[in-house]
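Here is the naming used below: chain letters follow the sequence lines, and residue numbers restart at 1 for every chain. None of these values were measured; they are calculated from a predicted model.
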Amino acid sequence: MDFNFIILAIGQILAPQTIAFALAALGLAVCFGFTGLVNFGQAGFMAVGGYGFAITSVKLGWPLWASILAAIVAAVIFAFILGIPTLRLRSDYLAIVTIAAAEIVRYTVKTPTLNPVTGGTDGINGSSVAFDAINPIPPGRYGIGILTYNQDDLWVIIVGWVTVAVAALFVWQLMRSPWGRIVRGIREDEDAVRALGKNVYWYKMQALIIGGVLAALAVIINIVPTSLQPDNYGTQTTFFLFTIMLLGGATTVLGPILGSIIFWVVLSLSDGILSLLVSNHLIPITQVQQGPVRFILVGIALMLIIVFRPQGILGNKREAHFGA
Amino acid sequence: MPDTTNAAKATGLQIGDPAPGVKKVDPILVADNVTRNFGGMTAVDVAHVEIPRGVITALIGPNGAGKTTFFNLLTGFDKPNTGQWIYDGRNLAGVPAYKVSRLGMVRTFQLTKALSMLSVLENMRLGATKQTGERFFSALITALWRKQEKEITERAMELLARFKLDTKADDYAASLSGGQRKLLEMARALMTSPQLVMLDEPMAGVNPALTQSLLGHILDLKSTGMTVLFVEHDMHMVRTIADWVIVMAEGKIVAEGYPDAVMDDPAVIDAYLGAHHDTDLGTLTGQLEVAIDDDDSLVQQITDEIAAESANTGSTDDRKGTA
Ligand SMILES: Nc1ncnc2c1ncn2[C@@H]1O[C@H](COP(=O)(O)OP(=O)(O)OP(=O)(O)O)[C@@H](O)[C@H]1O
Ligand SMILES: [Mg+2]
């Protein structure tokens with residue numbers, strides 16, 4: 001039997017994908033957990049940010065800082081497009097519009113006529129050039145425990161986790177300030193906050209923008225070591241993000257980060273165990289069925305969290321969204 | 001406890017004889033032709049009304065008269081079909097709710113809106129206006145708002161103490177009782193330092209002892225120059241603290257005037273108050289008075305109870321009935 005999957009699973013703790021989902025889930029927590037905006041389009045924000053970065057850096061050859069700025073601006077514009085018509089309405093409208101808008105983005109970038117710009121279904125490769133160019137780490141192989149990385153992998157991981165730390169501090173500071181008090185008030189009852197003279201609409205817009213910008217930064221960490229693939233930003237990604245956020249605690253700062261680590265480690269472990277069982281004919285499913293079974297497990301896990309620990313691992317019971 | 005029964009009542013508020021829509025000497029709010037239809041039903045149809053400045057005005061009327069809807073329209077929480085209203089010289093028609101509040105016209109809700117998952121103190125702090133830390137970039141630097149936050153907290157604690165909620169400051173608002181939430185909402189509205197405070201049934205669910213001290217508190221607001229407009233079904237409270245009473249029925253203003261005059265108006269009594277509106281139903285003697293008119297078996301029952309009570313205590317006057 002091959003137990004190499006355990007090392008792979010441990011590798012998920014630091015992996016760029018874990019970082020990306022931690023950042024995007026933190027953004028979702030700002031929208032959903034703290035402000036109460038039902039944003040089902042977080043994957044759409046990731047896609048918009050990703051294309052903003054990849055098109056400007058790969059196709060247009062912009063410098064790194066300009067491409068990052070482009071990703072942020074793209075997310076801000078997307079937030080305005082979604083927010084202006086919906087944030088005055090009941091929260092369900094935002095949910096519908098965001099889920100639809102995220103899918104529209106995904107289908108639009110896949111349109112063959114846009115191939116020269118977006119790369120169609122193949123996406124865009126080579127986003128790492130500018131990023132690796134400023135890598136100060138000398139070439140070589142670096143070991144962290146049982147894991148080894150080359151200089152470029154290590155560079156992404158370091159930059160990624162520093163970004164996560166800065167973002168966490170940023171959200172923590174915001175939420176303990178009077179600004180955070182207003183958005184938490186909006187989550188509880190927006191009319192009460194309005195009656196106290198606060199411009200509720202504008203605060204909801206700010207929260208949506210912050211959530212979107214974090215998603216845009218997240219996707220950069222994700223595509224630098226790999227490539228930009230449109231189908232990575234479908235509804236499934238949004239639901240992974242919800243699972244991660246709820247797992248860790250939707251109204252906490254560290255919850256989404258811890259949630260992302262646990263999520264990817266467990267997913268990777270279950271994948272390894274499943275294939276071990278399948279290849280040794282210990283369970284009656286085929287290799288093809290193995291992928292979907294993994295996601296059934298994710299679905300069950302999400303249900304169990306909401307039923308037994310609605311506040312998440314780090315959350316406070318009283319602040320739970322689904323609690324009684 | 002302040003002596004609320006002999007509070008000085010304002011006089012000479014109106015120009016001419018009291019009548020629906022009568023002009024006021026110094027109105028803070030003037031509404032004209034304000035209507036609101038729900039489907040085919042007209043909930044509010046106010047031709048003209050003026051709210052006098054610096055005094056306490058009560059808005060009374062039967063259930064469904066349109067009092068809450070009128071509040072919603074005036075404060076920008078609902079849009080009228082027609083009409084306009086001038087607050088302190090500014091036309092407020094079409095102005096969004098948060099701007100109305102910033103102009104100093106602050107309301108509470110009949111169905112209490114405590115922010116459950118915020119602490120009582122956080123609820124109060126939220127009420128304070130012009131907070132530096134509410135702007136995104138300033139929020140990121142604690143030094144910019146720490147001092148102001150401290151001042152706000154002090155003011156909040158003072159108000160909470162007056163509303164007997166100071167011991168609850170750190171609890172979640174969700175843990176408060178219904179009456180305590182009413183108190184919190186009123187205290188929170190006062191954190192905005194309003195000029196005109198509009199209270200929708202502030203005393204519903206508040207116990208009699210606290211009601212007394214709150215009446216005193218509302219009178220204090222008046223003495224600091226604040227204008228109070230409140231909706232209330234408790235006629236005792238209306239008679240005690242209101243300087244002016246406006247009666248609404250089926251969306252219209254049907255009577256207006258000084259409390260004693262309005263509440264003795266036969267039309268108002270028939271339409272709304274009922275013959276025994278001045279009787280305190282909390283006492284057995286009060287209950288007896290009402291029962292004599294309506295129900296003989298009840299009279300017998302209450303008489304027996306009174307006899308039993310006096311056998312126990314030798315006094316019936318100040319005992320609360322249990323029925
Ligand atoms: N959103 C709404 N949709 C439809 N009808 C409504 C709506 N709001 C109020 N109404 C109707 O308008 C009328 C006035 O209601 P409103 O709440 O203003 O009465 P009120 O005077 O505050 O009564 P109460 O003393 O019971 O609080 C009622 O007949 C009510 O059914
Ligand atoms: Mg009402």
Side chain, backbone, both or neither: which part of B:Thr142 has a heavy atom under 4.5 Å from chain A? both
Could you tell me if the ring centre of A:Phe263 sits under 6.0 Å from that of A:Phe240? yes
Chain B contact residues among residues 200-214 of chain A, heavy-atom distance under 4.5 Å: A:Tyr203, A:Gln206, A:Ile210
Only distances under 3.5 Å count here; give the side-chain donor-acceptor pairs of residues 24-35 of chain A to other protein atoms, sequence neighbours excluded, each with its distance to 0.1 Å.
unit_1	atom_1	unit_2	atom_2	d
A:Thr35	OG1	A:Val30	O	2.7

Between A:Phe40 and A:Phe242, does the ring centroid distance fall short of 6.0 Å? yes
Can you tell me which portion of B:Thr192 sits under 4.5 Å from chain A's heavy atoms? Options are side chain, backbone, both or neither. side chain
So, the part of B:Glu122 with a heavy atom under 4.5 Å from chain A: the answer is both
Side chain, backbone, both or neither: which part of B:Leu103 has an atom under 4.5 Å from a heavy atom of chain A? neither
Does any non-hydrogen side-chain atom of B:Val228 lie less than 4.5 Å from one of B:Thr57? no
When the 4.5 angstrom heavy-atom criterion is applied to B:Ala128 and chain A, the contacting part is backbone
If you count heavy-atom pairs under 4.5 Å with chain A, which of B:Glu149, B:Met105, B:Arg146 comes out on top? B:Glu149
So B:Asp200 and B:Thr108, side chain to side chain donor-acceptor pair (under 3.5 Å) or not? Walk me through it. CA-CA 6 Å; B:Asp200 201 343; B:Thr108 64; over 6 Å; no
With side chains defined as the heavy atoms from C-beta onward, is the minimum distance between B:Phe163 and B:Gln180 less than 4.5 Å? no
Quick one, B:Arg107 and B:Glu185 - any side-chain contact, counting heavy atoms below 4.5 Å? no
Counting only heavy atoms closer than 4.5 Å, note whether B:Ala189 contacts chain A via side chain, backbone, both or neither. backbone
Among A:Asp189, A:Asn199, A:Ile182, single out the residue with the greatest number of heavy-atom pairs under 4.5 Å to chain B. A:Asn199
Pairwise side-chain contact, B:Asp170 with B:Val120, heavy-atom cut-off 4.5 Å (strictly under): no
Pair B:Phe71 + B:Phe77: ring centers closer than 6.0 Å: no
B:Phe109 versus chain A, the contacting section by heavy-atom distance below 4.5 Å: side chain
Side chain, backbone, both or neither: which part of B:Arg135 has a heavy atom under 4.5 Å from chain A? backbone
May I ask you to check if A:Arg181 and A:Trp179 form a cation-pi contact, with NZ or CZ under 6.0 angstrom from the six-membered ring centre and within 45° of the axis? no
Measure distances from B:Gln148 to the heavy atoms of chain A and classify the residue's part below 4.5 Å as side chain, backbone, both or neither. neither
A side-chain contact here means heavy atoms from C-beta on lying under 4.5 Å apart; do B:Leu176 and B:Lys168 qualify? yes
